[in-house]
Every structure is written in structure tokens, then in C-alpha cells.
Amino acid sequence: MAKVKGEIVINIERCKGCVLCVAACNEQVIAMSKEVNGKGYHYAETVNENCTGCTNCAVLCPDGVITVYRVKI
Amino acid sequence: MSENITKESIIKEENCVYKRTNLLVDKALSYCPGCGHGTAHRLLMEVLEEMNIQSETIGIAPVGCAVLAYEFLDIDMQQAAHGRAPAVATAVKRLMPEKFVFTYQGDGDLAAIGTAETIHACNRGENITIIFINNGIYGMTGGQMAPTTLPGMKSSTSPYGREVETMGNPLKMTELVAQLPGTYYVTRQSVHTPGNVRKAKKALRKAMENQKLNKGLSFVEIVSNCNSGWKMTPVQSNKWMEENMFPFYPLGDIKVPVE
């Protein structure tokens, strides 16, 4: 079982809704929102608790809107 | 024990494993959603931050989508005339040899109007780093055909696809400069998957460290997407890039220093 637990924080006003992070996540943690942000983009949001803090979404995000936190459990 | 872990207990400064580097100005990037430029900017700034050379680095911005790079990168920047970034970089480096100097250019800038400057800077072996973002078209002006456009690839000025008979062959700048004696390290990377992003960062780090050794020019090509110009979604454009760009522009080191 996973020995780490992660959490991501998305700066939704800076997200441009490119969906690259959704494709990069192995745990299907990220999905696009139904709502739009101030610029009219459907932003990325977390939909489950399976994040392992692997940072794949954050290193791929072209706008660097994702901050990743990770703890050992 | 794991039940006690709450979201709030994870989101703390000491648990942070990745955040946007402070060397990128806190401003929204002007690039299209999903564009590789944003990733390349961030990687470069992360490398400078890790090497702790942000105050000793001078970047040369091109003409093209990245013309406003100086708005986003929190380092000393100089904007050059179209294609002339390697010439400007040469002057900056010769006047201030202790500084780290890089140019950041697209394919229209480096491989079309700036071919002469690029080839001669590489041939002279100027001790600079050239970062070449290759997306196969002129992105900023509306997706026109560039020297790097693939055979058969559609663009706004080759709507039926590039015909090699009338429009010529695509130019492989990276292979070209690798043959010149002045280049020290020549590589081709991409930023479309997390693994490739990490590899590209290592290449950029190596390219900047080569300047310390005074060995010659480091040339890093980053094959990137232009989803707006290619008329695709970002995810589709990355897939298209893998299937079409990489067979013609294979990733990997082309010239590595002999130890």
C-alpha cells in the first residue's frame, strides 16, 4: 500500500484549462471543473483523495499553477 | 494512523515538494493554454535557481511568441532584433565573460531569419547557451510555414501540406550545428510528458554548467507543440507531436562532450 499521501493546491485563476495535468496523473485525481474561472476557462480541480504527491502534474503544467505537498504515513 | 491525516495537515510549508519557482514573475504567462513555452521558461528558471546564478545570468529574448520573455523571467534580459539573438549574446558574453548568457529562440527566429547568426555563433564556438524551441511553424503570426515545417504538414501558408518539390526540405538545425567544431554540447529534448520534462531540465542544467568550463557553445533544442497553430487541443497536439515530429526530429543527445 501507499506509504505516502499527497495533496495538490491549484491556483484556479491562473489555470488555462489545457487538460495536460489530467492526462499526466496516474491516479485520476484531477478533472476539469464545470464552472469557469475569471478568464472563462474550465479549471483543474481534485476529485478524489488518491494523490501520492508524485509531482507529475506540477512539472508538466505550462503555467506552473500546481503546488504539491507530500507526507509519509 | 492514516485516518488522522487531513488535507490541512498535509498542506504545510514543510511538506511542500514542488512549487512554481520565484524566478518566474508572479504574472500570468501570455502563452496559449498547453504551450510548451511556459514549461521551458519554468525549467530554465529552476535550473538558474538551483545553480544560484540568477544575478549573474543575462538572457537574450527573441522575436516570436517568446518576445515578451523578459516580462516573465526575473533576471537581466535583453531583447534582440529578429534572429540576431546569438550575435547579441556574443557581444554580451565577450564584454562580460563572467556572466552566464543564453538565448531563447523559436524556429522562425533561429532557423529562418537568424540562420547566419546562429551558424556563425556556433562555428566560432562562443561560450553561450542557445535554447531553440521548435514547433514547426511560425506560432505568433498565425501558423505560417517555417523552415522546420514537416513535409506534408499543413500550415496557414501551406494549406494542402508542405510540398518538398516546391517549398523545399525542412531544416534540421540541431544536426547541422552539431557538425561544427565550435559546438560543445548539442541535444534535442521535449517537454510533453513529465519524464521528458525532467530530462529536458537535466540537459538545460548541463548546458548552463558548460559555460563555467569555457568549452564552447551548448545548443539545446526543445521540440514543442503549437496547439493553436496546429488547430488541435493541447493533448491531441502532444500526441501528434509524438507520432509525426519525433520520427523526423528524434530526441536525445546529438553531440556530447568527450570526457
Side-chain angles (χ1 to χ4, degrees), chain A residues 1-27 29-33 36-73, chain B residues 1-43 45-46 72 190-201 224-225 227-228 232-239:
Chain A
M1 288 303 288
K3 291 279 187 288
V4 287
K5 181 137 181 54
E7 199 63 59
I8 58 171
V9 176
I10 300 166
N11 183 351
I12 58 173
E13 278 307 313
R14 284 289 167 82
C15 177
K16 292 179 183 164
C18 70
V19 203
L20 291 181
C21 54
V22 177
C25 182
N26 294 323
E27 308 289 334
V29 174
I30 312 173
M32 303 317 285
S33 66
V36 292
N37 64 14
K39 292 231 165 120
Y41 294 120
H42 293 280
Y43 50 86
E45 59 182 8
T46 55
V47 290
N48 63 38
E49 306 281 304
N50 298 341
C51 180
T52 60
C54 72
T55 72
N56 275 359
C57 54
V59 299
L60 195 61
C61 176
D63 292 276
V65 304
I66 305 177
T67 309
V68 185
Y69 300 88
R70 182 168 61 209
V71 288
K72 283 189 179 144
I73 52 173
Chain B
M1 183 184 165
S2 60
E3 289 82 46
N4 301 333
I5 306 276
T6 61
K7 200 170 174 177
E8 289 68 36
S9 71
I10 300 175
I11 302 175
K12 282 182 187 157
E13 191 65 39
E14 65 265 28
N15 296 332
C16 182
V17 286
Y18 194 93
K19 70 179 176 75
R20 180 181 154 121
T21 166
N22 291 331
L23 288 192
L24 278 176
V25 175
D26 189 26
K27 219 183 233 188
L29 297 171
S30 59
Y31 305 113
C32 304
C35 176
H37 268 308
T39 319
H41 277 20
R42 183 162 42 79
L43 290 185
M45 289 302 106
E46 284 173 8
F72 310 122
S190 84
V191 289
H192 73 297
T193 65
N196 287 93
V197 170
R198 292 183 173 105
K199 276 189 207 160
K201 186 174 169 184
S224 183
N225 60 350
N227 45 74
S228 304
M232 295 175 195
T233 67
V235 175
Q236 277 173 343
S237 70
N238 280 345
K239 194 160 172 277

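Note that this is a predicted model, so its numbers are computed, not measured. The sequence lines fix the lettering, A, B, ..., with proteins before strands; numbering per chain opens at 1. The basis for the numbers below is simple: all heavy atoms, side chains too, and nothing from hydrogens, waters or symmetry mates.
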Where on A:Arg14 is there a heavy atom nearer than 4.5 Å to chain B: the side chain, the backbone, both, or neither? side chain

Please check: side-chain N/O of B:Arg20 versus main-chain N/O of A:Asp63, any donor-acceptor pairing under 3.5 Å? yes

With only heavy atoms counted, which part of B:Cys16 is less than 4.5 Å from chain A, the side chain, the backbone, both or neither? both

Between B:Tyr31, B:Tyr18, B:Phe72, who has the most heavy-atom pairs with chain A when the cutoff is under 4.5 Å? B:Tyr18

Residue part contacting chain B, namely of A:Cys57, when any heavy atom lies under 4.5 Å: neither

Scanning both residues in full, the closest heavy-atom pair of A:Asn56 with B:Pro194 reads OD1-CB, 3.4 Å

Measure B:Lys201 against the heavy atoms of chain A and call it side chain, backbone, both or neither at under 4.5 Å. neither

Are any non-hydrogen side-chain atoms of A:Thr55 and B:Arg198 less than 4.5 angstrom apart? yes

Below 4.5 Å, heavy atoms only, C-beta onward: do A:Lys16 and B:Leu29 meet side chain to side chain? yes

Region of B:Asp26 in contact with chain A, defined by heavy-atom distances below 4.5 Å: both

Does anything in residues 232-239 of chain B get under 4.5 Å of chain A by heavy atoms, and if so which residues? B:Pro234, B:Val235, B:Asn238

Counting only non-hydrogen atoms closer than 4.5 Å, does A:Val59 touch chain B with its backbone (N, CA, C, O), its side chain (CB onward), both, or neither? both

Set of ring pair (Phe, Tyr, Trp, His ring centres under 6.0 Å) partners for B:His192, sequence neighbours left out: B:Phe246

What residue in B:Pro33, B:Gly36, B:Gly34, B:Cys32 has the most heavy-atom pairs under 4.5 Å with chain A? B:Pro33

